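Worksheet for the structure shown next.
Reminder, nothing fancy here: chain letters follow the sequence lines and each chain counts from 1. Just so you know, these numbers come straight off a predicted model, no measurement behind them.
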Amino acid sequence: MPTQNLEEQLRPAAGEKLVFDTNPVLSERLTHYCPGCHHGIAHRLVGETLHELGVASRTILVASVGCATFTYDYFSVDGLEAPHGRACAVATGVRRARPEAVVFTYQGDGDMAAIGMAESLHAANRGEKITSIFINNTVYGMTGGQMAPTTLLGQKTTTTRDGRCMEREGGPIHLAEIMAGLDGVAFAARCALDSVQHVREAKKAMRTAFEVQIEGLGYGFLELLSGCPTNWHMDPVAASKRIAEAMIPVFPLGVFKNKRTEQSSQSGKVHHA
Amino acid sequence: MPEQYQDVIIAGFGGQGVMLIGNLLAQAGMEYGLEVSFIPVYGAEMRGGTANCTVVMDKHPIGAPLVREPLSTIVLNEPSLAKFQPRLNPHGVQVVNASLVEAGLVDAARRSVCIPANDMAHELGNVKLANMVALGAWLKATAVLPLAVVQEALKRVVNAHYANLIPINARALEAGYNFA
Amino acid sequence: MSTEQRILIKGNEAVAFGAVDAGLRCYFGYPITPQNEIPEALSTLLPERGGQFVQAESEVAAVNMLLGAAACGVPSMTSSSGCGLSLMQEGISYMAGSHIPGVLVNMQRGGPGLGDIGPSQGDYFQAVKGGGHGDHRNLVLAPATAQECYDCMFRALALAFKYANPVLVLGDAIVGQIKEPVRRVPPADAVSEKTLAALAAPWRMEGYGKRGPDAQPRLLKSVYLAEGALAERNRLLAQKYAAMQAECAWECTDVEDATLVVVAFGSVARIARSTIRRLRAEGVRVGLFRPLTLFPFPAEALLALLPGRRFLVMEQNLGQMVEDVRLALFGQPGVTPATVQWHGIMPGLFVNADDLREPMLQALKEAF
């Protein structure tokens with residue numbers, strides 16, 4: 001893999017202790033994401049998970065449209081572009097054609113919960129053996145800060161100048177809870193990327209979101225509350241603070257469905273998610 | 001084998017088995033070695049007046065599967081008579097279900113075989129056999145296919161679930177054939 | 001069943017049988033009249049063979065599932081009609097832009113809008129000129145009989161993989177609904193599933209591990225933002241579309257001594273053939289030129305018929321293929337506007353051989 005040289009260079013010398021390493025599933029390319037954007041952390045979690053599960057060589061990534069359009073540039077796996085909102089339909093086709101593959105979509109809130117809501121819910125309801133990573137940052141990033149389906153009530157965007165209003169635009173969509181209500185969904189959780197503790201929880205959930213597909217239990221869904229300092233017009237520290245203070249009260253964190261633990265409690269075996 | 005091209009429009013209410021005898025005729029024609037086409041006419045009509053289908057048989061590959069002036073018709077109800085009697089080719093023949101069509105409506109200037117298909121089917125034990133009775137009469141009137149070929153083709157057209165009804169269908173074809 | 005035996009099936013069913021016999025592995029579709037026998041047949045045929053059948057939540061989803069499966073180099077298709085194809089245009093454009101070999105069947109119905117469920121050839125422009133955004137082209141095949149529906153599915157899959165490009169099979173309500181004898185025997189030029197797999201080997205999505213431990217990951221995409229990159233991409237596509245010209249196919253009937261050549265495709269062509277046979281019996285010198293591929297359009301073959309002949313384009317729309325016929329012939333020596341005449345049949349009508357008689361006689365009168 002292309003990261004080998006870098007790995008050699010960074011190998012610890014005598015007396016040094018390795019505390020952080022590159023991830024061979026992530027490419028060496030610099031990302032185009034804005035400073036303080038949480039896509040980088042989310043990518044890292046996906047890369048670590050695929051590496052630890054040992055499945056990168058049989059993984060196919062279905063990219064979406066939005067800030068994450070170029071996701072495939074940052075992962076050393078086979079990648080495919082989907083039209084805006086259609087990633088879950090494309091991933092359905094991929095997984096049906098290649099039942100041995102590990103397939104995941106990586107989608108923002110506009111892509112997955114607005115234009116692609118139908119494709120997302122129906123793929124989930126069919127129990128497609130795919131995993132979707134859903135980046136919820138309450139705003140359209142790529143197009144310049146317009147209202148997203150997840151935009152908070154009162155939040156100002158370039159298309160809700162005086163703040164999102166329930167009477168006019170409706171309220172923010174809670175996709176993790178909706179997903180949990182569908183029979184085909186094996187795992188649905190919401191985590192946040194605002195603190196070390198939350199990132200650790202997200203990593204754990206990420207692993208389960210992939211394991212349910214690999215074990216054939218159904219559709220895996222992970223929503224990640226993420227910061228968009230650019231379109232929120234604040235610095236990265238303030239953005240993380242906004243996640244904790246404004247987003248989490250509206251979008252509660254937690255595992256809303258987990259067929260693995262349901263199964264294990266039935267069979268009496270203990271699995272660590 | 002007939003030398004001549006033949007076509008037929010089969011029409012009636014939905015549920016009278018119009019499509020079934022159309023399929024049966026096309027299947028039998030194919031098994032007899034002819035080129036055949038069957039086409040159902042569906043659409044708004046299907047939900048209101050009549051259901052109909054067109055079967056064409058020829059020695060040559062079939063071009064047009066639909067006809068303006070059919071050489072023959074099988075008319076199972078009155079709305080179908082109203083629709084297709086005026087279109088019948090002047091040299092054509094129509095088989096009319098006399099059980100459901102007022103005798104006075106049948107154009108005396110046209111060659112017609114009026115057969116009480118429902119009544120005969122009822123006597124055979126099942127009014128649903130009226131379509132087979134009418135087809136039997138058509139086979140006699142047109143002499144396009146031998147009766148036995150059509151009776152044999154029932155095995156390929158009747159759903160396997162109803163295979164036990166094949167003999168009675170064959171008898172209904174024969175009754176219609178012998179009537180005309 | 002003996003392979004020589006004829007079976008009586010609808011054009012739609014013939015599409016399904018042809019597709020599975022040609023190696024189809026995945027089908028994705030959404031119900032719409034008049035093509036429902038295709039998904040209905042494939043919903044049992046494909047699982048029996050270990051393939052995948054998915055009834056999608058919409059045509060939008062169906063075409064994108066097709067995109068995903070075809071990107072894996074697995075023979076895959078969808079089918080629809082009229083308004084359904086409109087919804088699929090986005091995915092078709094993406095497939096063309098990403099070099100992905102999707103096969104799509106359009107059993108046309110009357111339009112525009114919801115229209116009706118009768119026959120129409122009103123989607124000619126949509127199929128032949130691209131249909132979606134950007135400069136994309138589909139290979140377009142035009143079957144007229146149930147047997148051709150069966151045969152052309154082999155050709156559709158082979159061409160899709162040969163060019164890594166969408167292929168459209170353009171039928172209509174008559175072609176889909178007609179029941180005719182079909183010999184379920186692969187056509188002489190059928191390619192094996194192995195050949196299809198070999199054609200897909202250089203680009204298919206599979207996980208890099210399948211290509212060895214040091215393999216590079218692959219990417220299939222249509223977005224090219226770097227300066228000059230999209231221009232280069234379009235140059236490559238233009239070369240591909242030019243190469244497709246080699247696939248032109250057509251059929252001539254009774255043209256040798258004809259003074260009038262009817263140009264028609266699909267169901268209208270077969271109906272016109274009946275009319276022509278009757279007129280021939282009366283000594284009228286009329287023939288038929290039937291394009292079997294609509295893109296590429298067999299312009300050269302049509303041009304070869306030009307000396308001493310006039311042309312009558314018959315199609316069930318408001319005048320679409322006639323533009324390609326005029327493009328093929330206009331500008332040639334001796335060609336006047338009267339050289340190419342046109343007779344349109346309104347979408348939604350069920351026409352017969354008698355309906356086409358007067359227009360042909362009229363065109364003969366006007367032509368000379």
*Least distance between heavy atoms, B/Ile62 atom then C/Arg270 atom*: O-NH2, 2.8 Å
*With a 4.5 angstrom heavy-atom cut-off, could you sort out which part of C/Asp354 is near chain B: side chain, backbone, both or neither?*
both
*Provide the closest heavy-atom pair for C/Asn352 versus B/Leu66 in the form atom of the first, atom of the second, distance.*
CB-O, 3.1 Å
*B/Val67 portion near chain C, given a 4.5 angstrom heavy-atom threshold*: backbone
*Distance-minimising heavy-atom pair for B/Ala64 and C/Ala353*: CB-N, 3.9 Å
*Measure the shortest side-chain to side-chain distance between B/Pro40 and C/Lys10 over non-hydrogen atoms and say whether it is less than 4.5 angstrom.*
yes
*Any chance you could measure C/Arg6, atom CZ, to B/Glu31, atom CD, to the nearest 0.5 Å?*
9.5 Å
*Mark yes when over 12 heavy atoms from residues, nucleotides or ligands other than C/Phe154 sit less than 6.0 Å from its CZ; otherwise mark no.*
yes
*For C/Ser274 against B/Gly63, the heavy-atom pair lying closest together*: OG-CA, 3.2 Å
_Leading residue by heavy atom contact count with chain C [cutoff under 4.5 Å; candidates B/Val36, B/Thr54, B/Val157]_ = B/Val36
*Do the side chains of B/Pro65 and C/Glu180 get nearer than 4.5 Å, heavy atoms only?*
no
*Hey, what do you get for CG (C/Leu8) to CG (B/Asn23), rounding to the nearest 0.5 Å?*
6.5 Å
*Check whether C/Val268 gets within reach of chain B through its side chain, its backbone, both or neither, counting any heavy atom under 4.5 Å.*
neither
*From B/Tyr5 OH over to C/Arg278 CZ, what is the distance, rounded to the nearest 0.5 angstrom?*
5.5 Å
